[in-house]
Amino acid sequence: ASGEGKSLIDESKSEVSEKLKNIKHKILVLSGKGGVGKSTVSSQIAFYLASLGKEVGLLDIDICGPSIPRMLGLEGNEVHQSNSGWSPVYVNENLAVMSIGFLLPNADDAVIWRGPRKNGLIKQFLTDVDWGTLDYLVIDTPPGTSDEHISIVQYLDISANDGAVIVTTPQEVALSDVRKEISFCMKTKVGILGVVENMSGFVCPHCSNCTDIFNATTGGAKAMCEKYNLQHLGKIPLDPRVGASSDKGTSIVELFPDSPASAAYKDVVNLILKAVKDDNMELEKKATSTKKEDGIKEEVAQKKDAIVEEK
């Protein structure tokens, strides 16, 4: 039975890999603790990537708590079927979204599903949705390390140019669960692009003074990143304008471009882009190095042949 199960997983993984072959980078947005603003971070990352001219897809696999349709201003939209599969819902021409929220007859309906059914829908999102050619597929996950996380990691081919962005808040009660998320990534061999500390101090919208609401008693995300040798992507303040942007289904960078939160999100995305670029550069360096080695070997072989002929 276990052999048959592995065969089915391998078959499904090949099917997903073929379907997503035109997607350059896949970014998982994870959090160990619920309520840290992970979906807000996912949506704002997708918004800003799209504003940079990238072709972006945002996949919501939080089956029981889909909030992405609201945060992207897409509530009330439905998924349409075509010859090439399900068509995602578009915010604009270069930002496509898919969520179970588009499939529910009533937005307030509870989704009461066990693992196998969740697993089946996630596979459908990966194989039946016509994502087309994308620069980035941002995947918003539920909190924890449960069925949805296992499914997405099993199906996706996580390459050196992909990885996870982990979201936390400064206090130890959140960080303790995030350390479990880091352990999950290590065990499943998912690269970690970095950690975002969300709700890092309250920024007054009138005077812009920052007050720590959640005390970083153990040093916050930065100290944790130093311990695990991870990239600290930055601190996003607890700013009421972020909530206002999410409620309106728009980008904080677009709605409040001069806000501290807007600047923080720009920095986070730029560091993600840099992390991906560094991976590409490393691959190019290895390829160049291999070519040089092959060239040297060939040159040595030619010299040896020439010596033999002279003799």
Side-chain angles (χ1 to χ4, degrees), residues 27-45 60-62 64-65 67-68 71 138-150 152-153 163-205 208-243 245-246 252 259-272 274-275:
I27 298 175
L28 295 172
V29 183
L30 307 171
S31 72
K33 177 71 71 179
V36 298
K38 172 187 48 56
S39 294
T40 301
V41 172
S42 297
S43 60
Q44 294 301 326
I45 286 175
D60 180 6
I61 63 166
D62 192 343
C64 296
S67 51
I68 290 299
M71 291 183 172
V138 180
I139 303 170
D140 184 48
T141 66
T145 56
S146 193
D147 295 314
E148 293 90 336
H149 308 82
I150 296 168
I152 199 72
V153 169
V165 171
I166 300 177
V167 182
T168 185
T169 46
Q171 73 273 38
E172 177 56 28
V173 70
L175 292 167
S176 62
D177 284 341
V178 165
R179 285 192 284 271
K180 296 178 181 68
E181 203 74 46
I182 293 170
S183 173
F184 170 82
C185 289
M186 290 177 174
K187 288 178 179 178
T188 55
K189 296 179 179 166
V190 174
I192 299 173
L193 297 175
V195 179
V196 175
E197 183 175 282
N198 196 28
M199 306 184 198
S200 183
F202 168 71
V203 174
C204 175
S208 295
N209 281 338
C210 185
T211 304
D212 289 334
I213 303 297
F214 304 113
N215 289 323
T217 54
T218 56
K222 188 173 182 180
M224 183 186 69
C225 287
E226 289 172 357
K227 178 181 177 182
Y228 287 94
N229 195 27
L230 297 174
Q231 171 76 42
H232 182 224
L233 294 173
K235 298 181 177 183
I236 299 171
L238 185 62
D239 189 333
R241 289 166 288 195
V242 175
S245 299
S246 295
I252 178 74
S259 66
S262 176
Y265 271 111
K266 286 181 181 179
D267 290 342
V268 165
V269 171
N270 286 330
L271 283 173
I272 291 171
K274 186 177 178 183

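Positions are given from 1 along the sequence.
Lys33 is not listed as a side-chain neighbour of Thr169, based on a closest heavy-atom distance of 4.5 Å or more. You'll find the side chain of Ile192 stays beyond 4.5 Å of the side chain of Tyr228, heavy atoms only. At least one side-chain heavy atom of Met71 sits under 4.5 Å from a side-chain heavy atom of Thr40. No side-chain heavy atom of Val36 sits less than 4.5 Å from a side-chain heavy atom of Phe214. When side chains are defined from C-beta on, Asp62 does not count as touching Ser67, because their heavy atoms never get closer than 4.5 Å. Side-chain contact check for Gln231 versus Leu193: every heavy-atom pair is 4.5 Å or farther apart. For the pair Thr145 and Glu181, the minimum side-chain heavy-atom distance is below 4.5 Å. Looking at Met224 and Ile182, their side chains come closer than 4.5 Å, going by heavy atoms from C-beta outward.
With hydrogens and angles disregarded, no donor-acceptor distance shorter than 3.5 Å links the side chain of Asn215 to the backbone of Thr217. The backbone N or O of Ala223 lies less than 3.5 Å from no partner atom in the side chain of His232, so there is not a single donor-acceptor pair. Proximity of a side-chain donor or acceptor of Thr141 to a complementary backbone N or O of Val29 within less than 3.5 Å is detected. No side-chain donor-acceptor contact under 3.5 Å links Ser146 to the backbone of Glu148. Of the possible polar contacts, none joining the Ser183 side chain to the Arg179 backbone as a donor-acceptor pair under 3.5 Å is found. With hydrogens and angles ignored, the 3.5 Å screen pairs no side-chain donor or acceptor of Ser246 with any backbone N or O of Gly243.
Separating the OG1 atom in Thr218 from the CG atom in Leu175 is a distance of 5.0 Å, to the nearest 0.5 Å. Atom CD of Gln171 and atom CD of Glu197 lie 9.0 Å apart (nearest 0.5 Å). The structure places CG of Leu238 at 6.5 Å from CD1 of Ile213, a figure rounded to the nearest 0.5 Å. Cys185 contributes atom SG, which lies 14.0 Å from atom NZ of Lys180 (distance to the nearest 0.5 angstrom). Asp239 CG to Phe202 CZ: the interatomic distance, rounded to the nearest 0.5 Å, is 7.5 Å. Rounding to the nearest 0.5 Å places CD1 of Ile252 at 11.0 Å from NZ of Lys266.
For Phe184 against Ile150, the heavy-atom pair with the smallest separation is CZ-N, 4.3 Å. Pairing each heavy atom of Gln44 with each of Ser245, the nearest pair is NE2-CB, 4.3 Å. In this structure, Ser259 and Arg241 approach most closely via the heavy-atom pair CB-CZ, 3.9 Å. Among all heavy-atom pairs drawn from Lys235 and Ser200, the shortest one is CD-OG, 3.3 Å. The two residues Ser39 and Asp140 have their closest heavy-atom pair at OG-OD2, 2.7 Å.
Heavy atoms from other residues, nucleotides or ligands lying under 6.0 Å from NZ of Lys222 number 12 at most.
Screening Leu30, Val195, Ile139, Leu233 for a side-chain contact (heavy atoms from CB on, under 4.5 Å) with Val165, the sole residue that qualifies is Leu233.
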